[in-house]
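One structure is given below, encoded as structure tokens.
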Amino acid sequence: MIKGESMLLDGLNPQQKEAVKYFDSPLLLIAGAGSGKTKVLTSKIAYLIKERGTRANRILAITFTKKAANEMAERVRKALSVSPPWISTFHAFGVRLLREDISVLDKNFDRKFVIYDADDSLKIIKGIMKRLNMKPKDAGIAKDIISKAKQEHRADMVDYIRSLPFPASSYSVVADEYRKDLEKSNALDYDDLLLFTTEVLFKDALIRQKWQQRFDYILIDEFQDTNDVQYQIIQLLAGNKKGLFAVGDPFQSIYSWRGSKPSNMLRFLEDFGAIEMKLEKNYRSTKKILNLANKILCGAGDMWGDKILKLHTDNELDGEIENKENENDIEETNYIADKIRSLLNVHGYYYSDIAILIRMSFLSRGIESALMKNNIPYQVVRGLAFYEHAEIRDLVSYLRFIANHKDKAAFERIINIPSRYIGSKALSIIRDHHKTDWIQALKEAKLSPRQRLNSDIFINIVEKYSDMIEGAPFMVLMELIKEIGYFDYLKSEYKDDHDDRIENISELANVFKNLETEGKTFSEFMEDNLLSSEQDRIGSDRSVKIMTLHAAKGLEFPVVFIPALEEGIFPSAKSLDNLSSLEEERRLFYVGCTRAKERLYLSSAESRMKFGSISPMLESRYLDEIKEEIQAGVP
DNA sequence: CTTAGGAAACTTTTT
DNA sequence: GTTTCCTAAG
């Protein structure tokens with residue numbers, strides 16, 4: 001017993017050990033950057049299983065990204081040869097709960113619901129607004145309002161929007177139509193995955209009890225970035241458990257723009273009577289970098305009182321921080337490329353040690369071209385980039401529609417690809433006939449002879465493959481491409497780059513082929529893709545990684561570049577007139593700097609290409625604050 | 001119902 | 001510099 005315990009807790013400091021072993025009451029661990037919070041979380045799970053005899057399936061662990069969940073599960077599995085089945089993100093947990101119990105809601109959803117991504121939602125909203133004679137350009141605004149409402153309020157989303165001050169209130173009709181469309185499509189958007197989870201747990205006491213009794217321990221990572229609905233899920237699952245553990249760092253809260261509430265940490269202390277522990281020792285960065293990070297926090301407002309961490313470290317004062325001011329963006333990207341060359345040649349780093357963290361994704365373009373010119377291998381870590389290619393979305397939408405004839409977003413995307421002479425007029429006739437699904441609507445709609453003929457061919461194809469799509473998506477894809485003449489369509493539509501697009505499609509075909517060999521279904525594939533995070537797409541290959549600061553959350557690199565430190569970019573233009581957004585920008589800068597273990601390269605340019613013309617830029621305010629911590633770069 | 005051409009808008013950050 | 005939106009002609 002003692003032997004096993006000492007092994008499990010090996011390499012932990014006294015504070016970390018205390019946090020790992022404590023289970024007498026709910027516990028809030030405030031853990032600074034690089035203080036080993038993931039280690040504590042993983043050790044806690046291992047400790048529960050190994051030392052306290054807890055069955056692995058009695059533990060629910062919630063992480064911020066799928067990647068973090070996978071890594072945590074893998075570490076536990078390596079240490080104990082047991083895989084806890086309930087390590088996931090909030091969204092993935094919601095899907096699992098809803099696949100089991102969504103029928104409790106008085107709605108027309110069933111457990112085979114599909115998930116709509118941001119693009120699907122936006123298209124649906126756009127269509128609704130066109131029909132209502134509203135500006136489709138404002139669809140993004142409407143989507144944000146709907147999303148916020150879902151995050152903050154529960155079932156009364158539409159009423160809530162109606163009660164908002166004027167411009168926002170006008171979207172209540174859109175919200176209501178959108179809600180109905182999703183229900184008719186048996187589709188949930190990202191917010192619904194969380195909202196409906198709370199609704200299920202609220203609605204039915206027996207089901208709530210079932211889920212409460214399923215877990216003895218609930219552990220939540222990155223608690224500073226939970227939103228209201230997520231907090232509610234925890235409350236509903238917790239019952240009066242003592243085995244609650246939340247870990248977070250208020251200074252790494254960078255998602256309040258999408259509804260997260262760092263104040264949930266304070267609420268957690270009150271609502272659950274949690275005790276508080278801190279981890280303030282940093283193991284990641286050199287002292288030089290940590291001093292700089294602490295300096296950034298000096299400029300922060302102190303609404304957090306004694307929750308503020310004072311990070312310290314035993315690491316050496318070595319490492320390098322440099323700030324390079326450049327004349328323009330070209331010079332800046334060349335500086336980065338040159339620096340990377342010398343890091344490899346002079347200092348012996350690998351490409352994979354290096355990350356370039358950017359505030360806005362458009363900045364990657366210039367960086368990419370400089371790296372390309374210098375033959376530096378790189379990877380841009382992006383969202384669902386591959387699945388955003390038009391041709392991939394087309395074909396995936398076809399498969400989605402073949403699998404689910406209710407899927408409105410998929411139907412409207414593909415019904416006129418390739419052209420069946422069904423444009424907005426015909427589509428609105430079809431919409432009028434919609435009762436149960438879109439095949440039915442298409443059959444009943446009165447169309448011109450030409451449209452009717454094409455529609456019947458379409459219906460025929462869709463119905464033919466409906467029973468095969470789940471098990472044999474590869475076969476269906478190949479047949480489908482032939483039957484609809486998709487390659488010919490591509491050739492006429494995209495005159496210069498259809499070869500690249502066909503290449504992409506062959507990549508998609510490979511994915512489905514592998515899927516078939518693994519015995520996974522098409523629905524499982526869709527779910528996996530829609531719930532994965534940007535971080536899941538980081539390859540382990542030897543390349544420099546370019547990603548946004550947000551995507552770098554929770555990661556670390558020996559060498560970090562943060563370019564474009566200019567007013568209007570970092571901090572971003574949209575945050576300049578708002579104190580709380582400015583605070584968040586500062587935290588984002590803090591998060592960026594604390595990703596670096598050994599070397600940190602900051603840079604800015606006096607002018608930059610924006611919207612195709614050159615604009616003068618002002619140095620970021622942050623550079624001024626931290627001048628003393630930096631040795632100036634070569635001018 | 002399409003296509004072409006020109007104007008206008010556009011860039012935070014994402015599960 | 002690029003994507004999206006709008007309009008007028010086929």
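Below, chains carry the letters A, B, ... as their sequence lines are ordered, and counting in each starts from 1. Only this structure's heavy atoms are used, side chains among them; waters, hydrogens and symmetry mates stay out.
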For the side chain of A:Tyr190, counting heavy atoms from C-beta on, which of C:dC5, B:dC1, B:dT15 is nearest? B:dT15

Under 3.5 Å: donor-acceptor pair, side chain of A:Arg621, backbone of A:Glu567: no

Rounded to the nearest Å, what distance is computed from the NZ atom of residue A:Lys137 to the C1' atom of nucleotide C:dC5? 9 Å

Presence of salt bridge, A:Asp394 and A:Arg501, under 4.0 angstrom: no

A:Leu194 has an atom CG; how far is it from atom C1' of B:dT15, in whole Å? 8 Å

Do A:Asp189 and A:Ser121 have a side chain donor and acceptor closer than 3.5 Å? no

Short side-chain N/O contact to B:dT15 OP1/OP2 from A:Ser532, under 4.0 Å: no

Looking at the side chain of A:Phe611, which of B:dT14, B:dT2, B:dT11 is the nearest nucleotide? B:dT11

With a non-hydrogen cut-off below 4.0 angstrom, is A:Tyr421 in contact with a base, only sugar-phosphate, or nothing? sugar-phosphate

May I have the distance from A:Phe196 (atom CZ) to B:dT15 (atom P), rounded to whole angstrom? 21 Å

Please report, rounded to the nearest Å, how far the C1' atom of B:dA9 is from the CG atom of A:Asp138. 13 Å

Reckon A:Lys610 has a side-chain N or O less than 4.0 Å from the OP1 or OP2 of B:dA9? no

Please tell me which of the listed nucleotides, B:dT14, C:dT2, B:dT15, lies nearest to the side chain of A:Trp257? B:dT14

Would you mind reading off the distance between A:Ile614 atom CD1 and C:dG1 atom P, rounded to a whole angstrom? 10 Å

Report yes if a side-chain nitrogen or oxygen of A:Asn227 is closer than 4.0 Å to either non-bridging phosphate oxygen (OP1 or OP2) of B:dT15; otherwise report no. no

Between A:Ile415 (CD1) and B:dT2 (P), how many Å, whole number? 12 Å

Salt bridge check: are A:Glu566 and A:Lys610 linked by an N-O gap of less than 4.0 Å? no

Looking only at B:dT14, B:dC1, B:dT15, the nucleotide nearest the A:Ser533 side chain is B:dT15

Reckon A:Ser361 has a side-chain N or O less than 4.0 Å from the OP1 or OP2 of B:dT13? yes

Polar side chain donor-acceptor pair, A:Glu222 to A:Gln224, under 3.5 angstrom: yes

Using a 4.0 Å heavy-atom cut-off across all strands, classify A:Asn416 as base, sugar-phosphate, or nothing. sugar-phosphate

Atom pair distance, as rounded to whole Å: CE in A:Met547 and P in B:dT14: 11 Å

